[in-house]
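What follows is a single structure, written as structure tokens, with notes after it.
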Amino acid sequence: MSTVLKSSTEETPTGSPANSAPAKRGFGSRMRRLNVPAGLGGWIWLAIIITPVYYVVITSLKTQEGYFGQNPLALPTSPTLENYQLVLEADFAKYFMNSTIVTLGAVIPTVLVSFMAAFAIVRGKGRFLKLVNGMFLMGLAIPLQATIIPIYLMIIRLNLYDSLLALMLPSIAFAIPLTVLILSNFIRDVPNELFESMRLDGCSEWQTMWRLALPLTRPAIVTVAIYNGLHVWNGFLLPLVLTQSPGLRVLPLALWTFQGEYSVNIPAVLASVVLSTLPILVLYVIGRRQLLAGLTAGFSK
Amino acid sequence: MSNAVSTAPKTATRGRTEGGQSGQRNAALAWLTLPALFFFLVFAVVPLAGVLILSFSSWDGIGAIGSAGMGNWFSVLADPGLYNALGLTFLIMIASWLVQTPISLLLGVFTAGSQRYRAALAVLYFLPLLLSSAAVAIAFKALLDPNFGLATGLGLPFLARDWLGVPHLALGLVIFVIAWQFVPFHTLIYQGGVRQIPKSLYEAAEIDGAGTIKQFFHITLPQLKYTIITSSTLMVVGSLTYFDLIFVLTGGGPGNSTRILALDMYLRGFRANLMGPASVIAVILVLIGLALALFLQRLGGKDKQGSQLEGM
């Protein structure tokens, strides 16, 4: 660890000076700044990250014989998609739809109500808004798990047990604190002059919110939408406790039950792992820059 | 309402414009918080109160709810299982922090650099965050199979152990897999933090002849103080929620060697149908979460508390 420490320290500060005067330092110092231990540490971590992913993907393409007979890390000699076929025939499309419905049904209301609340908290003053803000901040420290039993009880009493709506409502509640926090940080960065000029034009707060704050906060909104979407999509406890019917399974739960049913067929289980991740991966590839920029700004203020 | 607001005196600073209109304006704004407040109160705050009430009740999850007085509390507090779960929760929390913080701090510093390959690495580092905990747990179970997993693949027989069958191995594995999944997120936080450090500090240090190690300890680390607190808060409070991963990976076993509080609560409540005692555990979980969050905010200094909470 200490070598990595030493080397990466050398890297950071160099970021600017090395860039500002690379020519004068010459080839020798450049070599020094390439810094083998830091790079090595980085690549080792990459290996740690990638090996399981690689293993899952190649194994999912193997036949049972290939799985039992081959070196586990070797590429499949005769790649097959039959595992994927098996998974897709096992109602994967339905689980996928369920996950999509729950995710959209939780994320859209979350972002909408949180944006309104964040706007009010930033623009307004007074005891009530302070109290609301303080409550949301406290909410950050409430672990969802701790409230699962009363939520279960409430959902039963509301006659929502074993429905997709049952998954959305608590998801919204628990996503609100962080979403309000990130959005209010962004709205706070909007120059006050802009709000003032909206007011001069005779706009109400309501109009200002939709016409000024919303467009300016769009990057943050995309960020929190993706972040919350990821959480809801991958959520496990709520579906485990609040649904029962196989027809209402969401992907992580389906994955878990599938693992129980097909535990002898590891390639098929891993194919289901790949399939459940694929949609998120596609979204990530599309929205990566936005997500990373937004998360960085949202969390490291 | 909007008229009242728009005719307010137009001074440069908002603070001064408020005046007599502020009450009305704030009332208008207060309405905007109600939808969020509704969801949060009904599905987070009410359950929080509910769990406290249920901790004094007896309920099997289906039938009627009865009163249990202090019974649940006495029985749970006298149960060695609680202290096992409590100890494991803190052990995993501390071990996770010790493992994840240095790695993600260094990776964050590393990926904040400007070379292209680092940016590419940072993209790949992010992958585990996209996977559900269920997927991660299933993948690692397969990967650690002594006969068909990594051990034979790499030809490293020492890896061919019964990882999920031996208590201390399972515990170590849980800590490792948690790090595998969550280090990327914290790397990202640190990367952002490092990028906000003014470059001029390093330039000045360089002129003063400070070496890179000195720069790290005298500039980078102190400048990252609040980033470290933010990351640690998320990490430590988040460690109370490793439920999914452990549930799928080990189910709390072997024996009770990975049965952390959240899992203990689930198993008591939804498997053993003892919702009362499970609620006691839940209350303890909430108290720990709040205490940790407050403690970590204090570490940041009282004056900075407000802005730190904003940073979370």
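Here is how names work: the chains are called A, B, and so on, in the same order as the sequence lines, proteins then strands, and each is numbered from 1. Keep in mind it's a predicted model, so treat the numbers as computed, not measured.
Heavy atoms of B/A210 lying under 4.5 Å from chain A are absent altogether. Contacts between B/L143 and chain A at a heavy-atom distance below 4.5 Å involve backbone atoms as well as side-chain atoms. Of the two parts of A/L255, the backbone and the side chain both hold a non-hydrogen atom closer than 4.5 Å to a non-hydrogen atom of chain B. Looking at B/V237, the atoms closer than 4.5 Å to chain A (heavy atoms on both sides) all sit in the side chain, from C-beta outward. Using a 4.5 Å cut-off between heavy atoms, B/V123 contacts chain A through both its backbone and its side chain. Of the two parts of A/L270, only the side chain, counted from C-beta on, holds a non-hydrogen atom closer than 4.5 Å to a non-hydrogen atom of chain B. The part of B/L127 that comes within reach of chain A is its side chain, from C-beta onward, which places non-hydrogen atoms under 4.5 angstrom from that chain. Residue contact with chain A, scored on non-hydrogen atoms closer than 4.5 Å, is absent for B/K214. Only the side chain of A/Q259 comes within contact range of chain B, with at least one heavy atom under 4.5 Å from a heavy atom of that chain. Interface remark: A/M135 contributes backbone and side-chain atoms alike to the contact with chain B (heavy atom separation under 4.5 Å). Contacts of A/F128 with chain B are made by side-chain atoms alone, with heavy-atom separations under 4.5 Å and no backbone atom involved. Residue contact with chain B, scored on non-hydrogen atoms closer than 4.5 Å, involves the backbone and the side chain of A/I49 alike. Contact of B/L261 with chain A is not made at all, since no heavy-atom distance falls under 4.5 Å. With a 4.5 Å cut-off on non-hydrogen atoms, B/W59 touches chain A through its side chain but not through its backbone. Heavy atoms closer than 4.5 Å to chain B are found nowhere in A/L283, neither backbone nor side chain.
The choice from A/A118, A/P109, A/A175, A/A120 that makes the most heavy-atom pairs within less than 4.5 Å of chain B is A/A120. By number of non-hydrogen pairs under 4.5 angstrom with chain A, the leading residue of B/L240, B/I138, B/L224, B/V51 is B/I138. Most heavy-atom pairs under 4.5 Å with chain B, from the set A/T277, A/L230, A/I172, A/L169: that is A/L169. Listed options A/I149, A/N71, A/L73 were ranked by heavy-atom pairs under 4.5 angstrom with chain B; first place goes to A/I149. When the candidates B/I284, B/L34, B/V183 are compared by the number of heavy-atom contacts under 4.5 Å with chain A, B/V183 comes out ahead. For the options A/I151, A/V269, A/I266, heavy-atom pairs under 4.5 Å to chain B are most numerous at A/I151. Interface check for chain B: of the options A/T179, A/L46, A/V56, the most heavy-atom pairs under 4.5 Å are formed by A/L46. Interface check for chain B: of the options A/P52, A/P143, A/P170, A/P252, the most heavy-atom pairs under 4.5 Å are formed by A/P52. Comparing B/P184, B/G61, B/A205 by heavy-atom pairs within less than 4.5 Å of chain A, the highest count is held by B/G61.
If you take CG on A/N234 and OG on B/S133, they are separated by 7.0 Å, rounding to the nearest 0.5 Å. The CD1 atom of A/I142 sits 7.0 Å away from the CG atom of B/L290 when rounded to the nearest 0.5 Å. The structure places CD1 of A/I176 at 10.5 Å from OG1 of B/T33, a figure rounded to the nearest 0.5 Å. In this structure, CG on B/L129 lies 8.5 Å from NE2 on A/H231, to the nearest 0.5 angstrom.
Residues B/I65 and A/L153 have side chains in contact (heavy-atom distance under 4.5 Å, counting atoms from C-beta outward). Side-chain contact between A/I148 and B/F270 is present, with at least one heavy-atom pair separated by less than 4.5 Å. Side-chain contact between A/Q145 and B/D244 is present, with at least one heavy-atom pair separated by less than 4.5 Å. A heavy-atom distance below 4.5 Å is not found between the side chains of B/F148 and A/T59. In this structure the side chain of A/Y152 reaches within 4.5 angstrom of the side chain of B/M275, judged on heavy atoms. With contacts defined as side-chain heavy-atom distances shorter than 4.5 Å, the pair A/P150/B/L54 qualifies. For the pair A/W206/B/L32, a side-chain contact is recorded, criterion being any heavy-atom separation below 4.5 Å from C-beta on. The side-chain heavy atoms of A/L237 and B/Y266, taken from C-beta on, include a pair separated by under 4.5 Å.
Nearest approach of A/L129 to B/A30, heavy atoms of both residues: CD2-CA, 4.1 Å. In plain terms, the two heavy atoms of B/F43 and A/A173 that are nearest each other are CB-CB, 3.4 Å. Listed here is the closest heavy atom pair of A/A146 and B/M265: CA-SD, 4.3 Å. In this structure, A/V273 and B/A135 approach most closely via the heavy-atom pair CG1-CB, 3.8 Å.
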Residue pair A/L281, B/L130: steps toward the side chain to side chain contact (heavy atoms under 4.5 Å, CB included) verdict | CA-CA 7 Å; A/L281 195 66; B/L130 305 176; 3.6 Å; yes
Would you sort out whether B/F247 and A/L240 count as a side chain to side chain contact (heavy atoms under 4.5 Å, CB included), showing the intermediate values?
-> CA-CA 11 Å; B/F247 179 72; A/L240 178 70; 3.8 Å; yes
Would A/V113 and B/F38 satisfy side chain to side chain contact (heavy atoms under 4.5 Å, CB included), going step by step from the backbone distance to the final call?
-> CA-CA 10 Å; A/V113 301; B/F38 167 78; over 6 Å; no
Stepwise ring-ring contact (aromatic ring centres under 6.0 Å, His included) test for A/F174 and B/F40 = CA-CA 7 Å; A/F174 279 88; B/F40 185 69; 7.5 Å; no
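Judged purely by atom type and a 3.5 angstrom limit, A/Y55 uses its side chain to pair as donor or acceptor with the backbone of B/A142. A/W256 contributes no side-chain N or O that, together with a main-chain N or O of B/V248, makes up a donor-acceptor pair within less than 3.5 Å. At distances below 3.5 Å, at least one donor-acceptor pair connects side-chain atoms of B/Y125 with backbone N or O atoms of A/G42.
Using cut-offs of 30° and 60° for the angle between ring planes, the A/F236 and B/F243 rings count as tilted.
Just one residue in the list B/I103, B/T187, B/L124 forms a side chain to side chain contact (heavy atoms under 4.5 Å, CB included) with A/W45, and that residue is B/I103. A/T147 pairs with exactly one of B/L48, B/V46, B/V45, B/L285 by the side chain to side chain contact (heavy atoms under 4.5 Å, CB included) rule, that one being B/L48.
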